[in-house]
Structure formats: C-alpha cells, structure tokens
Protein chains: 2
Amino acid sequence: MSATIRDVATLANVSPSTVSRVIANNQAISLETAAKVRGAMVRLNYVPNANARSLAKHRTKTIALTIARSAEEAFANPFFAELLRGIASACQQRDYKLMLSMSSNSDWEVKDALQMVKGKQVDGLILSSVRADDFLVEALLAEQVPFVLIGRSLKHHVAMVNNDNIDCAIQGTRHLVERGRQRIAFISGPRDLVVSLDRIEGYRRALRASSRNLPELVVETSFTTAGGREAMARLASLAEMPDAIVAADDVIALGVIHWLKEHGFAIPADVAVIGFNDDPMSAFMQPALTTLRISTYALGFESARMLIDMLENQSPSEQLVIPAELIVRQTT
Amino acid sequence: MSATIRDVATLANVSPSTVSRVIANNQAISLETAAKVRGAMVRLNYVPNANARSLAKHRTKTIALTIARSAEEAFANPFFAELLRGIASACQQRDYKLMLSMSSNSDWEVKDALQMVKGKQVDGLILSSVRADDFLVEALLAEQVPFVLIGRSLKHHVAMVNNDNIDCAIQGTRHLVERGRQRIAFISGPRDLVVSLDRIEGYRRALRASSRNLPELVVETSFTTAGGREAMARLASLAEMPDAIVAADDVIALGVIHWLKEHGFAIPADVAVIGFNDDPMSAFMQPALTTLRISTYALGFESARMLIDMLENQSPSEQLVIPAELIVRQTT
DNA sequence: CTGAAAGCGCTTACAG
DNA sequence: CTGAAAGCGCTTACAG
C-alpha cells in the first residue's frame, strides 16, 4: 500500500492537517515544519491520492475532449490528431490532465459527457464538433457544466473557438470562380453538423455573388477518403461532369484526387480540387493540395486555454474566431 | 449541486447502502426495491461520484497512455494517432476511460507516471516507447504498478506487445539486397530507443547475410519529416551516395523522398526507399511507399486489452508479438 | 433482503 | 503557526 497523509504526519511528528497544508503550499506553515514534512514525504515516496483530493476539493484539474465518433473513425482523420496536439500542449502548460471520450452515437455522447462531469472525473469539456440540433449543448447548459465548443452553436451563446467557415467556403469557391471554372461542385460532410451547413452556405453565396450564373451542385458524404472517392464517382456520373470540386475536408479531397487520377483526369487541367484543413499531409500530396488552412492546432490550443481560464478564474466565456487562410498549391 | 447517494436514498425511502447496492447491481436486493431506487435515480438525474467510488473501491476503470515526447511532437507522427485509435477502441469495448500523459523529458515522465498511478487517477499504464536504459520500467516494477509496454524491455520480463523489429529490418533490407542495390543506408530514429537498436541490428544482419559484402551505413535522426530530409542530405554528401535507403519510420521516408525529388533523383531508379509503419498516408504518397506494415492499430488495441485483462482478472502478463508484413509498392 | 457504522484519504473552517 | 473534528460521497463487512 502506498503511504498516506497519516504516515507522513506520523513520521514528521505533526498532524495530517499540517501535512495537507504543506502539500497546498500554505504560507501559514513555518519553514522548519514545512522542511520536516517534505523530508518525510520524499522518504516515504508519498504521492497524494487524487481521488481523495478531488472529493474534498470538488475539482480535478482534468478536462476531457469529447469526440462524437467511434474511436475507429476519429483518429483516421488527421484533424483530430492535430486538434489533440493543440489541446495537449495547453494542458501540459497549465498542468492539467487530459481525458478522451469517444462515443459513436449521440445518446451515448450525452450520457458519457454528463457522467464524466457530474461524476467529477473532469472539471470541464471540449466538444470537438457541433450538430445543428445539439442535445449535448442543451444538456450541458441545463446542468451548468463548463464547456467550450470547437465550432459554433446555432442556438446558444456559449464559449467557442471556431473558424469563419462561411467565409472560408466563400474564399475557396471564389478562387475557383476566378480561375474561370464553370461547374463547381461542393462535397460536404454530414449535413447534421453546423460546420457543414456553414461551408455549404459560403459556397452558395460565392456562386451567387459571381455574375456568371453558375449552377449549384452539392453532394454529401462522410469525412473519409472513401467518402471522397464515392462522392466523386457520383458527380462524374452526371450528364455534365464538374470541372472543379470544393471538398469540405482534405481527407475527402484526397479521395477525390485518387478517383480522378485513376480515371485518367488531369488535375487541375480537367478538374480543379480544393480542400479544407491543410492537414500536415496535404502539402505533400501529388499534386499538392490547394486548401483552406484553418489552423487546427490553434483551434485545439485555444479551446483548452479558454476552458482552463474559465475553470480557474471564472473568466467569462469567449467567442474566438481563428483566422483561416487560402493556401494555393497545385490542384487549382 | 448534484444529487448524492443520500438524496436518492431519501427519495426512495431506503438507506444509502441499499442505493449503493443497486448501483453495483447486487443480486441480494429485491426487484421492487431496486426498481424504486432506480426510479429515484432517474428522477434526480443521479450520477455517482467517481472520486468517492474510486476512493472506496481502490480502482478507477481508467488507464493512461504515456508518450515520452512533448505533445507538440507526438501527434505530428501518425503512428500515435493510429496507436491511440487501437487503444481507444479497446477501452470503449471494455468500458474504460482513457487518459493521456505526455512528457518531454525522462524525469518528468517517471514522475508523471508514478503520480497518476500512485495518486489513483488510473489503474495502469501503457508505455508507448521503451528506452534502452529504462528508468521508468524499473520504477514501475519497484512500485508494483501494472503496465504494458509497446515494444520490449532489454532487461526485464514484463507485459508487452511488440513487433519483431529485428526481423522486420531484415526483411526490408533483404528486399533491397535482392533488388541488387549496392549501397544500402539505414536512417535510424534516436538510438536510445530499443526499437531503434533492434532495427539497426536487423539491417546489419541482413547485410552480413548477403554474400556481396555490402557496406554498412547508419545515420541517426528524429522521427520527423524534417529529420528525414536532413539525414538524406547528409548521406548525399558522402563520397559515394547510397542507392537505397531503409528509413526507420514512414515519416522519415517521406522526408527522404522529398529531398530526393527536389534534388532531381528518380525513385526508385536512382535511389530506392523503404519505410516502417505503413502509416495511412503511405499508400497515397507519390510514388507510393514500400514499407513494413507493423499493424499499429493492433499494437494499440492489444496493449489495452492486455492491460485491462491484467487489471480485471489478474491474468499473468503476456508477451505478444504482432506479425509484420513487407508491403511492396513503388519506391523499391 | 436491508441498515448502521466504519472506512477510503484528503481539506478546511474553527479554535487556540 | 498548528491541531481536532467534521465533511467530501461512496463501499462493504457485520448484524439482524
């Protein structure tokens, strides 16, 4: 059995309260006593029991990232690795622990999230995606759980860090318009996500803003390479095939490019392609992918920083918009 | 404040002990009582406090993955995302929570790990890499902490899941020998890692086993794309440049390929390249990368499964070797 | 089948 | 500057 606070107290000849105070760096304790206690702690190899501590203090110094997908799916997309990188860095800096919660269906997601926070395993949550009808947000609001969104809520004014996805899609689409493309299609992720709705909206606005009366062509698929291939195949079977694709994710764009190459289309000569995210691999693809750099790392870092600030200083919830940038490479 | 077990007890008109028993699904409780209690739980939206529970039960149903790098670095390599995917899946299946622990230096690593386990935040650990002089392993052994290694320990017989890295390197190198390459260089990751030593060993054995008296050429770099470029640049500056590269990681291989393309070398005509891992991106590179598929996902999944088995059934520690396979594509 | 009591290992007013 | 006591919210022998 590990040493407890009593063992330390006994060895140092003080009361447990005193030991507790030196753990907490309480200034009231005299330097001699503190030194004596610290000596006992190292001699016993003492580590405070975090459960007892959390139970007494009502805080855990732990936050969780929730991902509304099966673990299988989630980390297949570099977006989440990059997001995690940012979150983990902020946690490291602020001495917080990070917990991961993945759930494949929306009921479980709500249940898991509430369980972690109400069960006092974590102090707060980062939600990695937001659905249009977000039960989770409502449930968390109702239960007064501290959380920050990666993305935005359609209905509630809550802490969030997001990109201006409408504007991103406008930029991407306009770029294609300016390149003189005639049939620009948009391959969207699942339409129940706010991010999908925003990007579709931006795509539409850009087309309408062009004076050329360009047709709107939106198809939906999953955020996977396979999804990209499949969507491209569908688009190619149309009477008139698109000459440009805006894909809502680099991983989708990758699938599109594969399909095109396999079927002998030249990129960008026959079909131009633009993605979203600027995943680390995207610069290295052949041809290198034109994409919207949404700064996923910053999204993660800032969300964690914001949550921890809220937790520690009850600072008010912020609405942060991370700037995005069109990175033009070889596919357009 | 959230409802506690007392609130539920009061509402259901039973004692807290009884509520605790229905939470635990204790068979002794009558069906009526159980139903009554469950009713009260949902009415109060009750969630048990995990800290109190862990404190009383001495277990948390949580495991941690430790990564001995800064968060910055870790998730830049797809290996960890893939590993995490496997681990998270197993956790999901077995209803365990997953905690992440990253630490950039070896002292912190030991401290963090002991803190998590001795502090009862987690029941056990998965170590994602093993150093030749592994203080962590010794410390964990001394403290009787349950853990499993991804990789192998040079000195201790402990629970582990690993690839036969020596054999992998033999296969990869032999493949190049059979392709008639004359100057086969090996780009290793940091030499303080067991996995690096094993792969270097395999490379050497394969060269010696060839009857052609091939020169040994080993350089060391970090597990990054930049590391690959830099190492390739060094090799290219030699009197006689290599005509084949075995890179200890696909990410390194990617850097090598970039360097070669930028400097006008044909792959594989001038220089053949082989990687390790079969990261998801590797099949999509141009040219597609020949690599050793080490089944990273399985490594992760099995490590978590093994750890949880040890935790739940005190099953003895296993030594599992995940088979690897040479995937020949276009770079060789 | 159920309850009262002690215990898990901390923290924190309250006294002195 | 330090200690005794109560409390955080559970679980689990021990009785009955």
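Proteins come first, then strands; the chains are lettered A, B, ... in the order of their sequence lines, and each starts at number 1.
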Run the side chain to side chain donor-acceptor pair (under 3.5 Å) test against [X] and tell me which residues pass, sequence neighbours left out.
X	answer
A/N77	A/D249
B/S129	none
B/T10	none

If I take atom [atom1] in residue [X] and atom [atom2] in nucleotide [N], what distance separates them, rounded to the nearest angstrom?
X	N	atom1	atom2	result
A/R6	C/dG7	CZ	P	10 Å
B/L55	C/dA6	CG	C1'	13 Å
A/K118	D/dC10	NZ	C1'	16 Å
A/N51	D/dG7	CG	P	22 Å
B/K120	C/dG7	NZ	P	19 Å
A/N49	C/dC8	CG	C1'	8 Å
A/R59	C/dT12	CZ	C1'	15 Å

Show every salt bridge (charged side-chain N to carboxylate O under 4.0 Å, His left out) that has at least one partner inside [range], sequence neighbours left out.
range	value
residues 21-36 of chain B	none
residues 127-140 of chain B	B/E109-B/R131
residues 305-319 of chain A	A/R59-A/E312, A/R94-A/D309, A/R94-A/E312, A/E302-A/R305, A/R305-A/D309, A/R305-A/E318

Stem list, DNA chain D (Watson-Crick or G-U pairing under 3.5 Å, at least 3 consecutive pairs):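 Looking at DNA chain D, the stems formed by three or more consecutive pairs are C:1-3 with D:14-16, C:5-12 with D:5-12, C:14-16 with D:1-3.
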When we call it a touch if two heavy atoms are under 4.0 Å apart, what does B/S54 touch: a base, just sugar-phosphate, or nothing?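 If one applies the 4.0 Å heavy-atom cut-off, B/S54 turns out to touch nothing in the nucleic acid.
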OP1 or OP2 of D/dG9 versus the side-chain N and O atoms of B/R53: is any pair under 4.0 Å?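 False: B/R53 side-chain N/O out of range (4.0 Å or more) of D/dG9 OP1/OP2.
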So which one's nearest nucleotide on DNA chain C is more toward 5', A/P16 or B/A56?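 Nearest-nucleotide comparison on DNA chain C picks B/A56.
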Can you list the residues that meet the side chain to side chain contact (heavy atoms under 4.5 Å, CB included) rule with A/A64, with sequence neighbours excluded?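 So A/A64 forms a side chain to side chain contact (heavy atoms under 4.5 Å, CB included) with A/M99, A/M116, A/V122, A/L125.
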Note, A/V161 side chain near A/I322 side chain (heavy atom, < 4.5 Å):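 The answer is yes; the side chains approach within 4.5 Å.
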Measuring from the side chain of [X] (C-beta onward, heavy atoms only), which nucleotide among [options] has the closest atom?
X	options	answer
A/S30	D/dC8, D/dC1, C/dC10	D/dC1
A/H58	D/dC8, C/dC10, C/dC8	D/dC8
B/T4	C/dG9, D/dC1, D/dG9	D/dG9
A/I29	C/dC10, D/dT2, D/dC10	D/dT2

Between the side chains of B/D123 and B/K61, is the shortest nitrogen-to-carboxylate-oxygen separation below 4.0 Å, so that they form an ion pair?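 No, this pair does not count.
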Which of residues 17-28 of chain B sit near DNA chain D, with a heavy atom under 4.0 Å from it?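 Listed by number, they are B/S17, B/S20, B/R21.
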